[in-house]
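Below: one structure, written as structure tokens.
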There are 2 protein chains.
Amino acid sequence: MENELGHADCPVTATIALFDGRWKVMILYVLSKKSRRFGEILVRVPSISKKVLTEQLRELEADGLISRKQYRETSPRVEYALTDLGKSLCPLLIDIAAWKRKYIGSPNQGETKLPD
Amino acid sequence: MENELGHADCPVTATIALFDGRWKVMILYVLSKKSRRFGEILVRVPSISKKVLTEQLRELEADGLISRKQYRETSPRVEYALTDLGKSLCPLLIDIAAWKRKYIGSPNQGETKLPD
DNA sequence: AAAAGTGGTAACCTAAAAGTAACCTTATGG
DNA sequence: CCATAAGGTTACTTTTAGGTTACCACTTTT
């Protein structure tokens, strides 16, 4: 373990802060599959409210992990997508999941899965 | 990005929860250098209070990342150390720091560093 | 005898995050 | 002309993490 973990504003803490929020990892997961509209994300992240989803999307956008594109069509239409930075995070998240499988155990065998 | 991020109780979220807490990463960092007594950690984690340090140590212990050994010597003496599980986490934290350096930038050049 | 160090606990407070429910705007369909 | 849908916003309440201060039990030092 190197010195990099010891700074007053620690890079690990700073990075974790990017996806710190009850639902952010799940939102990133949903978007990693496919760009999605607001309502599609809402349905795929179980039990999140519109308000909190809006907040977390805004934060993810501010941190540069996702993009928001508004299409002025007939009905309002907003598409969210991972940015390149957001995509670069995915392998890291997979490493984290891999650590859990290896050292803690399988990710809760037989639990409910989210729809794609 | 694989399915593993999509479970209702997501392994990534579960893993992050292990070191989610204002000071946990820093505590792990301190202990990664050397086993330490309560008071030694207190001094090395800037501005943490006894209460919060106690809480976070208890949680880290409950999660199996650190061990607590009480020596009934003359004055009370308690040693905290990383467990094997705790040690296994260090490379992961380093990966997270490395991601930040690569995609966000250097870990705040010239900032104050913690004493060892 | 008093003070100081060690590793805490107890009672209390506060700010921020998250949750709930109602409402808004523009547009279309019936 | 009313209802519905999308993508929110507003106002309010609840929950939680973290912080502050005081105190404790025990032992050694002065």
*Of all heavy-atom pairs between B/Ile104 and A/Leu85, which one has the smallest distance, and what is that distance?*
CD1-CD2, 4.1 Å
_Using every non-hydrogen atom in the two residues, find where B/Ala17 and B/Lys24 come nearest and quote the distance to one decimal._
O-NZ, 4.4 Å
*Between C/dT26, C/dG8, C/dT20, which nucleotide gets closest to the side-chain atoms of B/Val78?*
C/dG8
*Output the single nucleotide from C/dT9, D/dT10, D/dG8 whose closest atom is nearest the side chain of B/Arg58.*
C/dT9
If I take atom [atom1] in residue [X] and atom [atom2] in nucleotide [N], what distance separates them, rounded to the nearest angstrom?
| X | N | atom1 | atom2 | answer |
| --- | --- | --- | --- | --- |
| B/Asp20 | D/dA17 | CG | P | 9 Å |
| A/Gln70 | C/dA27 | CD | P | 13 Å |
| B/Arg22 | D/dT16 | CZ | P | 18 Å |
| A/Ile41 | D/dG7 | CD1 | P | 9 Å |

Does [X] make a side-chain N or O approach to OP1 or OP2 of [N] shorter than 4.0 Å?
| X | N | result |
| --- | --- | --- |
| B/Arg68 | C/dG7 | no |
| A/Arg77 | C/dA27 | no |
| B/Gln56 | D/dG18 | yes |
| B/Arg37 | C/dG8 | no |
| A/Arg36 | D/dA6 | no |
| A/Tyr80 | D/dG8 | yes |

*Mapping B/Trp23 and A/Glu79 to their closest nucleotides on DNA chain D, which lands nearer the 5' end?*
A/Glu79
*From B/Lys50 atom NZ to B/Leu42 atom CG, the distance as rounded to the nearest 0.5 Å*: 7.5 Å
_Pairwise distance CG(A/Leu93) to CZ(A/Phe19) - rounded to 0.5 angstrom_ = 5.5 Å
*Return yes if the base of D/dG7 and the side-chain atoms of A/Lys50 contain a donor-acceptor N/O pair under 3.5 Å, otherwise no.*
yes
